[in-house]
There are 2 protein chains.
Amino acid sequence: MTEDYPVQLKLEHQLCFALYACSREMTKLYRPFLDELGLTYTQYVTLLVLWEQDNMSVKQLGEHLLLDSGTLTPLLKKLEAMNLVARVRDAKDERSVLVQLTEEGRALRSRAEHIPENVFCQVGLTFEEGGKLRERLQQLVEEMQKR
Amino acid sequence: MTEDYPVQLKLEHQLCFALYACSREMTKLYRPFLDELGLTYTQYVTLLVLWEQDNMSVKQLGEHLLLDSGTLTPLLKKLEAMNLVARVRDAKDERSVLVQLTEEGRALRSRAEHIPENVFCQVGLTFEEGGKLRERLQQLVEEMQKR
DNA sequence: CACAATTAAATTGCATACAATCTATATGAG
DNA sequence: CTCATATAGATTGTATGCAATTTAATTGTG
């Protein structure tokens, strides 16, 4: 049965599945830390972007996160309801919505500061190894976005 | 502003985000091929498992895919509605549900056979490189599952 | 055997992802 | 200027993921 099963279709040989599984498992490691902050993973990465550069349009946020308004609009409304961001129309271009951290949103950063290293420790990854893997994945993402 | 921003919080430095982005981009590359078969990505990987070993319980499927019944039950009902699988109670243990490929489900395999290599080509990945990356990710998944 | 504890699915509720469509605003060619 | 085209968000609909709970069946222990 299994002997003549085409090798290229085995789940174990799928890079796509390794990525899919690895991404979900990684998110699970973040969950307990993020629960403490009352954030989901996607809300967390959105805040990462805003902590780095505040006052960004939904469009720009989407370019950083590779997400569209269909995902971001409801997510940002939730962050707004949690008093972490404000959404304001751009006076320079009324089509745009600017997302701005509130005082509370900015303050949350210090509580998130050590999450990545905590997770890193748990996985037993060195900074070196993790960095290499990350760079390989970033290359791949760039390659895929050309298609 | 940006100069004193804590390095460990930059989106560019997050392995978790690289995984999350890479996984989603990879799924996007599969989409046009899977559309032809009328399958979603999760339905596709579920069939990969069943093509490799038919007549598996929902529990076993979940162990391979790292998914629980909350995700699998509705997905399997859809595959059943599409006439690709049958769901039958295990006579040996009435708590279990066995998932079995239909003739149509088995037949679909030949049409899926060349999808992985097509996607691989698009990304410009050699079998060698892809395999190495996959193995690294599989290691990491195992490591994370110990936690 | 009786029954508490465990297990497998199913269900419920919430938060994404993302395609497709819609609405409002801005832009560019004539 | 003017209208066709493009662009930014919002909305709608479908399909996950996953935690928490529920239901039904099984198992282990006294």
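Lettering of chains follows the sequences in order, A, B, ..., and the numbering in each one begins at 1. Both backbone and side-chain heavy atoms feed into the values below; hydrogens, waters and symmetry mates do not.
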Requested in this report: First locate atom CZ of A:R24, then atom CG of A:L29, and finally report the distance between them rounded to the nearest 0.5 Å.
Outcome: 13.0 Å
Requested in this report: Using a 4.0 Å heavy-atom cut-off across all strands, classify B:T42 as base, sugar-phosphate, or nothing.
Outcome: sugar-phosphate
Report task. Under the ring-ring contact (aromatic ring centres under 6.0 Å, His included) rule, collect the residues that match up with A:Y30, sequence neighbours excluded. Result -> A:Y41, A:Y44
Could you list the donor-acceptor pairs under 3.5 angstrom formed by side chains in residues 70-86 of chain A, with sequence neighbours left out?
| unit_1 | atom_1 | unit_2 | atom_2 | d |
| --- | --- | --- | --- | --- |
| A:T73 | OG1 | A:S69 | O | 3.0 |
| A:E80 | OE1 | A:R87 | NH1 | 3.1 |
| A:E80 | OE2 | A:R87 | N | 3.1 |

Query raised in the report: Taking only N and O in the side chain of A:Q60, is any of them less than 4.0 Å away from OP1 or OP2 of D:dA8?
Result: no
**Report entry** salt bridge (charged side-chain N to carboxylate O under 4.0 Å, His left out) involving A:D54 - partner list, sequence neighbours excluded
**Finding:** A:R106
Query raised in the report: Which of residues 71-91 of chain B have a heavy atom under 4.0 Å from DNA chain D?
Result: B:T71, B:L75, B:K78
Requested in this report: Search all heavy atoms of B:P32 against all heavy atoms of B:K28 and return the closest pair with its distance.
Outcome: CD-O, 3.3 Å
Query - Residue closer to the 5' end of DNA chain D, A:D68 versus A:D93 (nearest nucleotide) - result: A:D93
Report task. Under 4.0 Å between any heavy atoms, over every strand shown, what does A:L65 touch: base, sugar-phosphate, or nothing? Just pick one. Result -> nothing
Requested in this report: Could you tell me the separation between the CG atom of A:L108 and the CG atom of A:L101, rounded to the nearest 0.5 Å?
Outcome: 9.5 Å
Query raised in the report: Heavy-atom contacts under 4.0 Å between residues 23-35 of chain A and DNA chain D, which residues?
Result: A:R24, A:K28, A:R31
Report summary line: Contacts of B:Q145 meeting side-chain contact (heavy atoms from CB on, under 4.5 Å) (sequence neighbours excluded), chain-then-number -> A:E25, B:L66, B:V141
For residues 130-137 of chain B, run the donor-acceptor check on the side chains, cut-off 3.5 Å, and write out each pair with its distance to 0.1 Å, sequence neighbours left out.
| unit_1 | atom_1 | unit_2 | atom_2 | d |
| --- | --- | --- | --- | --- |
| B:R134 | NE | A:H13 | O | 3.3 |
| B:R134 | NH1 | A:E12 | O | 3.1 |
| B:R134 | NH1 | B:Q138 | OE1 | 3.2 |
| B:R136 | NH1 | B:Q139 | OE1 | 2.9 |

Report summary line: B:L66 atom CG is separated from D:dC18 atom C1', nearest whole Å, by 13 Å
Query raised in the report: Quick one: is D:dT16 close enough that its OP1 or OP2 comes under 4.0 Å of any side-chain N or O from A:Y20?
Result: no
Distances for protein N or O near nucleotides 21-24 of chain D N or O, under 3.5 Å:
none

Requested in this report: List in chain and number order the residues that pass side-chain contact (heavy atoms from CB on, under 4.5 Å) with B:R95, two or more places apart in sequence or in another chain; answer none if no residue qualifies.
Outcome: B:D93
Query raised in the report: Mapping A:K59 and B:Y41 to their closest nucleotides on DNA chain D, which lands nearer the 5' end?
Result: A:K59
Query - Whole-Å gap separating C1' (D:dT16) and CG (B:L67) - result: 9 Å
Report summary line: Hits for salt bridge (charged side-chain N to carboxylate O under 4.0 Å, His left out) against A:R89, two or more places apart or cross-chain, chain-then-number order -> none
Requested in this report: Please find the earliest and latest nucleotides of DNA chain C, in the 5' to 3' direction, that have an atom within less than 4.0 Å of any heavy atom of chain A.
Outcome: C:dA15 to C:dA26
Query raised in the report: Are the side chains of B:V88 and B:V97 in touch, meaning some heavy atoms are under 4.5 Å apart?
Result: no
Query raised in the report: Got A:L34 and A:T40 here, is their nearest side-chain heavy-atom distance under 4.5 Å?
Result: no
Query raised in the report: For the atom pair OG1 (B:T126) and CZ (B:F120), what is the distance rounded to the nearest 0.5 Å?
Result: 7.5 Å
Report task. Starting at atom NZ of A:K92, determine the distance to atom P of D:dA8, rounded to an integer number of angstrom. Result -> 16 Å
Query raised in the report: Hey, does A:S69 reach any base, or is it just sugar-phosphate, or nothing, if we go heavy atoms under 4.0 Å?
Result: base
Query raised in the report: Which residues satisfy the side-chain contact (heavy atoms from CB on, under 4.5 Å) test with A:F33, sequence neighbours excluded?
Result: A:I115, A:N118, A:V119, A:Q122
